[in-house]
Protein chains: 2
Amino acid sequence: MPYFSRFSIGVRTISIGNTLPSADEQAALFSHVREAHKYEAIEDYVELIDDLINATGEARLVDIANRMGITQPTASKTIARLQREGYVTSEPYRSIFLTDKGKKTAESSRERHEIVYRFLMALGVQEENARRDSEGMEHHVSDETLAVFERFTATQSSKQ
Amino acid sequence: MPYFSRFSIGVRTISIGNTLPSADEQAALFSHVREAHKYEAIEDYVELIDDLINATGEARLVDIANRMGITQPTASKTIARLQREGYVTSEPYRSIFLTDKGKKTAESSRERHEIVYRFLMALGVQEENARRDSEGMEHHVSDETLAVFERFTATQSSKQ
DNA sequence: ACTAAAACTTAGCCAAGACTTATTTTATAC
DNA sequence: GTATAAAATAAGTCTTGGCTAAGTTTTAGT
């Protein structure tokens with residue numbers, strides 16, 4: 001029994017020629033998304049830490065864990081990684097501080113986040129969904145798209 | 001030395017009252033995104049498998065791996081999981097087929113993907129970025145936002 | 001000042017998703 | 001029809017990011 005070869009004269013073979021991107025192009029797309037994934041946790045954490053510091057004066061592990069919806073040990077491990085990678089400093093049993101690198105990341109991350117959020121709102125998406133979607137989308141929007149979003153939002157609000 | 005208490009009279013405390021969502025609300029947001037993440041791989045795989053079947057007549061592991069930009073063993077493990085979870089069927093050394101569940105997932109996934117892609121194009125984003133961004137965004141767009149995207153695209157194309 | 005509660009850490013478990021190296025099976029080409 | 005190449009699997013490693021249970025340190029309250 002043949003391996004259902006690509007060159008069989010079965011019915012499906014008719015569809016050869018359906019446009020698929022080249023394997024390399026497509027692989028580059030997926031690699032790009034995977035790359036973005038690596039920074040999602042970092043960005044979410046530093047953004048939250050920055051918010052906590054601004055709103056309450058400090059970033060405590062328990063608050064980070066509660067606001068992320070995870071347990072303290074899980075948060076603790078990620079904070080350790082963030083420290084290893086130079087985004088935060090923290091000493092045992094003390095609260096967490098952002099390094100300059102961490103602050104920069106937090107700021108650009110919040111900026112992206114807000115641009116996406118305001119764009120969705122300007123488009124007419126309900127607040128609840130705008131908040132949910134922007135949280136997921138912010139990590140996957142190129143600079144170009146972000147600029148387009150920003151321009152659109154500006155146009156819309158000037159129309160009011 | 002105090003633990004830099006929330007109730008200290010330090011400078012930062014002035015900012016108490018900066019609006020943060022409630023911990024529970026924020027946790028729900030992050031949980032939602034984490035939930036979406038769990039389905040990303042599944043959706044990407046079944047969409048690709050469906051594309052391969054339509055374009056070449058079959059979905060071979062080697063092509064899946066090449067197009068995803070990963071090694072065959074990695075693809076193999078994920079296919080095993082997809083099979084465990086009822087999205088595909090496959091026998092050792094044979095190519096991969098979608099179950100009904102897999103086909104449904106592939107179709108709705110491709111539809112979302114295309115809506116997002118066309119929306120970005122309609123907004124004026126360059127094709128390269130539209131392809132990249134839609135690949136990452138498709139998994140984080142609510143039904144409401146998707147509907148808004150679709151309406152916008154329709155409006156734009158009728159303006160041409 | 002001491003005790004109880006809260007916060008944090010440590011240790012250990014698990015699954016997903018990436019990798020390499022080696023082996024087995026299938027397909028191809030002569 | 002057999003040798004070689006290609007495809008798939010197997011085995012083992014690593015990191016991330018989730019968990020629980022148990023222990024330690026700090027904070028808070030009386």
Side-chain angles (χ1 to χ4, degrees), chain A residues 1-8 23 27 30-45 48-49 52 56-85 87-88 90-97 139, chain B residues 1-8 23 27 30-45 48-49 52 56 58-85 87-97 139:
Chain A
M1 198 198 266
Y3 186 0
F4 194 44
S5 159
R6 274 169 303 174
F7 306 110
S8 81
F30 284 119
S31 299
H32 185 264
V33 177
R34 278 198 300 276
E35 194 62 24
H37 273 296
K38 288 205 284 197
Y39 294 97
E40 283 202 31
I42 292 171
E43 289 173 8
D44 288 342
Y45 270 77
L48 176 57
I49 290 167
L52 282 169
T56 73
E58 66 175 345
R60 301 189 311 163
L61 192 66
V62 64
D63 294 323
I64 294 170
N66 285 157
R67 301 196 94 94
M68 300 269 289
I70 58 182
T71 60
Q72 283 179 231
T74 300
S76 184
K77 245 205 280 188
T78 304
I79 295 295
R81 177 162 77 90
L82 258 51
Q83 182 159 30
R84 236 174 30 234
E85 295 176 9
Y87 292 93
V88 306
S90 79
E91 278 159 61
Y93 296 99
R94 294 283 116 102
S95 68
I96 292 125
F97 300 91
H139 310 287
Chain B
M1 197 198 268
Y3 186 359
F4 194 44
S5 159
R6 276 168 301 171
F7 306 110
S8 80
F30 284 118
S31 298
H32 185 264
V33 176
R34 277 198 300 277
E35 194 61 24
H37 272 297
K38 288 205 282 196
Y39 293 97
E40 283 202 30
I42 292 171
E43 289 172 9
D44 288 341
Y45 270 78
L48 176 56
I49 290 167
L52 282 169
T56 73
E58 67 176 344
R60 302 189 311 164
L61 192 67
V62 64
D63 294 324
I64 295 171
N66 285 157
R67 301 194 95 92
M68 299 269 290
I70 59 182
T71 59
Q72 283 178 233
T74 299
S76 184
K77 246 206 278 186
T78 302
I79 294 295
R81 177 162 78 89
L82 258 52
Q83 183 159 29
R84 238 177 23 238
E85 296 176 9
Y87 292 93
V88 306
T89 59
S90 79
E91 278 159 61
Y93 297 100
R94 293 283 114 101
S95 68
I96 292 126
F97 300 91
H139 309 288

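Note on naming: letters A, B, ... go to the chains in the order of the sequence lines (proteins, then strands), and numbering restarts at 1 for each one.
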Can you see whether A/His32 engages A/Glu35 through a side-chain donor-acceptor pair at a distance of less than 3.5 angstrom?
no
Donor-acceptor pair, A/Ser76 side chain versus A/Gln72 backbone, under 3.5 Å?
no
How far apart are the C-alpha atoms of A/His139 and A/Asp44, what are their side-chain angles, what is the distance that settles it, and do they pass the side chain to side chain contact (heavy atoms under 4.5 Å, CB included) test?
CA-CA 9 Å; A/His139 310 287; A/Asp44 288 342; 3.0 Å; yes
Rounded interatomic separation in angstrom, taking [atom1] from [X] and [atom2] from [N]:
| X | N | atom1 | atom2 | value |
| --- | --- | --- | --- | --- |
| A/Asp63 | C/dC8 | CG | P | 8 Å |
| B/Glu58 | D/dA7 | CD | P | 11 Å |
| A/Ile79 | C/dA7 | CD1 | P | 16 Å |
| A/Leu52 | C/dA7 | CG | C1' | 15 Å |
| B/Lys38 | D/dT16 | NZ | C1' | 16 Å |
| B/Met68 | C/dA16 | CE | P | 15 Å |
| B/Ile64 | C/dG17 | CD1 | C1' | 16 Å |
| A/Asn66 | C/dC8 | CG | C1' | 13 Å |

Can you name the nearest heavy-atom pair linking B/Ile64 to B/Leu48, along with the distance?
O-CD2, 3.9 Å
Measure across A/Ile79 and A/Ser90 and return the closest heavy-atom pair with its distance rounded to 0.1 Å.
CG2-OG, 4.3 Å
Using a cut-off of less than 4.0 Å, is there contact between a side-chain N or O of [X] and OP1 or OP2 of [N]?
| X | N | value |
| --- | --- | --- |
| B/Arg60 | D/dA8 | no |
| B/Arg84 | C/dA16 | yes |
| A/Ser76 | C/dT9 | yes |
| B/Arg81 | C/dA15 | no |

When you match A/Pro92 and A/Tyr45 each to their closest nucleotide on DNA chain D, which lands nearer the 5' end?
A/Tyr45
Under 3.5 Å, N/O pairs linking protein and nucleotides 19-23 of chain D:
from: D/dC19; atom 1: OP2; to: A/Thr71; atom 2: N; distance (Å): 2.9
from: D/dC19; atom 1: OP2; to: A/Thr71; atom 2: OG1; distance (Å): 2.9
from: D/dC19; atom 1: OP2; to: A/Thr74; atom 2: OG1; distance (Å): 3.0

Between A/Arg34 and B/Ile70, is there a side-chain heavy-atom distance shorter than 4.5 Å?
yes
Residues in side chain to side chain donor-acceptor pair (under 3.5 Å) with B/Glu85, at least two apart?
B/Arg81
